[in-house]
2 protein chains.
Amino acid sequence: MANSLPDVVAAALRVLDSYGLEFCSMRRVAAELDVQPSALYHHVPNKQTLLALMADDLVSEVDGDDARSLCHALRRSMLAVRDGAEVVATASAFRLGVSGVEKQLADLVGDDGARTLLLFTFGHTQSTQTHRQASAVGAIDEDADLDASFDRGLSIILTGLTHRATCR
Amino acid sequence: MANSLPDVVAAALRVLDSYGLEFCSMRRVAAELDVQPSALYHHVPNKQTLLALMADDLVSEVDGDDARSLCHALRRSMLAVRDGAEVVATASAFRLGVSGVEKQLADLVGDDGARTLLLFTFGHTQSTQTHRQASAVGAIDEDADLDASFDRGLSIILTGLTHRATCR
DNA sequence: ACCTGAACACCGTTCAAGT
DNA sequence: ACCTGAACACCGTTCAAGT
């Protein structure tokens, strides 16, 4: 009967995916667990911390051999849940969350390159999710367009990184 | 005595700069104008629209001859007001706001280039403002570091754009 | 045209108290 | 350790009514 912290995080992610960030309130997460709102504060000091834990969970399986596949994997993880990109981007602005991915990227392309790739990946994926919700459900054509647009942006940055290192 | 729409937008920007986005509520904006909350709905249909008008106002003076100076000008405009980057980035995700800047950039570097530069500029500037508020007030050293980091990211993307066009 | 007053359906968080 | 119940100080938005 008693809930643990992972239970709370999982419930919060279910609420997020069903209703979106705007309606992912502490009260709804509590209702999802059939518990009073105040009960959540036994597991988590505040909502911000819960959101950070959700972000950690979202990116925990991100992996890849090179910078490009790492960014694509990060994008896929965030797209898997409604408003996932916004949750991860906000948490990582506060220096929680993606740190593992950031380190892997930094080893491959340096600090500035990692930062540039990460900010582009967050922004583009957030924008993808915003437009996904604005248009009718399941616009598969638009999804393919946005994936291609994302990959072209990645190419621009990666070309910049290569030429800075080898030609200048 | 009677307020106009520009009065409302100006009051909202004052509240934003003083208290931050989190506390920039319709009720506080109303109080800033010595008016009941419901009075705002005579000027604006909802909060989202007010935020979009604030974003328009923030970027209205952005101008520059080349892509780099355009991005720096955009960054400066957003940094001028507390949480300005978040307001502009969110509004532009919904296709309002920065469209003028986006068009200027697209003429200079193409659609993909404009998008990549814009998303990087939003993300980096938001991150700058987050860290500004986290650390003690007026950390001038850190501001200079972040400006330099921003410019290096810009260089990476601009190098990528040049070499894609001329060498490939 | 611009605003008031009152209401509705929500928030995050705290805290004493229960088991 | 985990939860309830009640409270506090807020939200955005609507709507009839006033001037």
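Below, read A as the first sequence line, B as the second, and so on, with proteins coming before strands; counting in each chain starts at 1.
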Give a yes-or-no answer on whether the side chains of B/Ser149 and B/His124 include a donor-acceptor pair shorter than 3.5 Å.
-> yes
For A/Ala106, side-chain contact (heavy atoms from CB on, under 4.5 Å) partners two or more places apart | A/Asp111, A/Ala114
List for me each residue that meets salt bridge (charged side-chain N to carboxylate O under 4.0 Å, His left out) alongside B/Arg75, sequence neighbours excluded, and say none if there are none.
-> B/Asp147
Sequence neighbours excluded, the answer for salt bridge (charged side-chain N to carboxylate O under 4.0 Å, His left out) partners of A/Arg152 is B/Asp112
Gap between atoms [atom1] and [atom2], on [X] and [N] respectively (whole Å):
X: B/Phe23; N: D/dC10; atom1: CZ; atom2: P; answer: 10 Å
X: A/Gln36; N: C/dC11; atom1: CD; atom2: P; answer: 14 Å
X: A/Leu33; N: D/dT4; atom1: CG; atom2: P; answer: 10 Å
X: A/Leu40; N: D/dG5; atom1: CG; atom2: P; answer: 15 Å

Taking the same atom, C1', in D/dC10 and in C/dA9, what whole-Å distance lies between them?
-> 13 Å
D/dA7 versus C/dC11 - spacing of their C1' atoms, nearest Å = 14 Å
Interatomic distance, CG@B/Leu58 vs CG@B/Leu53, rounded to 0.5 Å, equals 11.0 Å
Contact state string [nucleotides 12-19 of chain C, B base, S sugar-phosphate only, - no protein heavy atom under 4.0 Å] | BBBB----
Determine: side-chain N/O of B/His43 to OP1/OP2 of C/dC3, distance under 4.0 Å, yes or no.
-> yes
Return no unless some side-chain N or O of A/Asn3 is found under 4.0 Å from OP1 or OP2 of D/dC2.
-> no
Can you give each donor-acceptor pair under 3.5 Å made by side-chain atoms of residues 64-73 of chain B, sequence neighbours left out, with the distance rounded to 0.1 Å?
from: B/Asp66; atom 1: OD1; to: B/Ser69; atom 2: N; distance (Å): 2.9
from: B/Asp66; atom 1: OD1; to: B/Ser69; atom 2: OG; distance (Å): 2.4
from: B/Arg68; atom 1: NE; to: B/Asp151; atom 2: OD1; distance (Å): 3.2
from: B/Arg68; atom 1: NH2; to: B/Ser155; atom 2: OG; distance (Å): 2.4
from: B/Ser69; atom 1: OG; to: B/Asp65; atom 2: N; distance (Å): 3.4
from: B/Ser69; atom 1: OG; to: B/Asp66; atom 2: N; distance (Å): 3.3
from: B/Ser69; atom 1: OG; to: B/Asp66; atom 2: O; distance (Å): 3.2
from: B/His72; atom 1: NE2; to: B/Asp151; atom 2: OD1; distance (Å): 2.8

Name all residues meeting the side-chain hydrogen bond (donor to acceptor under 3.5 Å, both in side chains) criterion together with A/Thr49; count only those two or more places apart in sequence or in a different chain, and write none if there are none.
-> A/Asn46
Per the 3.5 Å Watson-Crick/G-U criterion and a run length of at least three, the stems involving DNA chain C are C:4-8 with D:12-16, C:12-16 with D:4-8
All N/O donor-acceptor pairs, side-chain side in residues 9-29 of chain A, below 3.5 Å, sequence neighbours left out:
from: A/Arg14; atom 1: NH1; to: A/Glu32; atom 2: OE2; distance (Å): 2.4
from: A/Asp17; atom 1: OD1; to: A/Arg82; atom 2: N; distance (Å): 2.9
from: A/Ser18; atom 1: OG; to: A/Arg14; atom 2: O; distance (Å): 2.8
from: A/Ser25; atom 1: OG; to: A/Arg28; atom 2: N; distance (Å): 3.1
from: A/Arg28; atom 1: NE; to: A/Phe23; atom 2: O; distance (Å): 3.4

Which residues pass the ring-ring contact (aromatic ring centres under 6.0 Å, His included) test with A/Phe122, sequence neighbours left out?
-> none
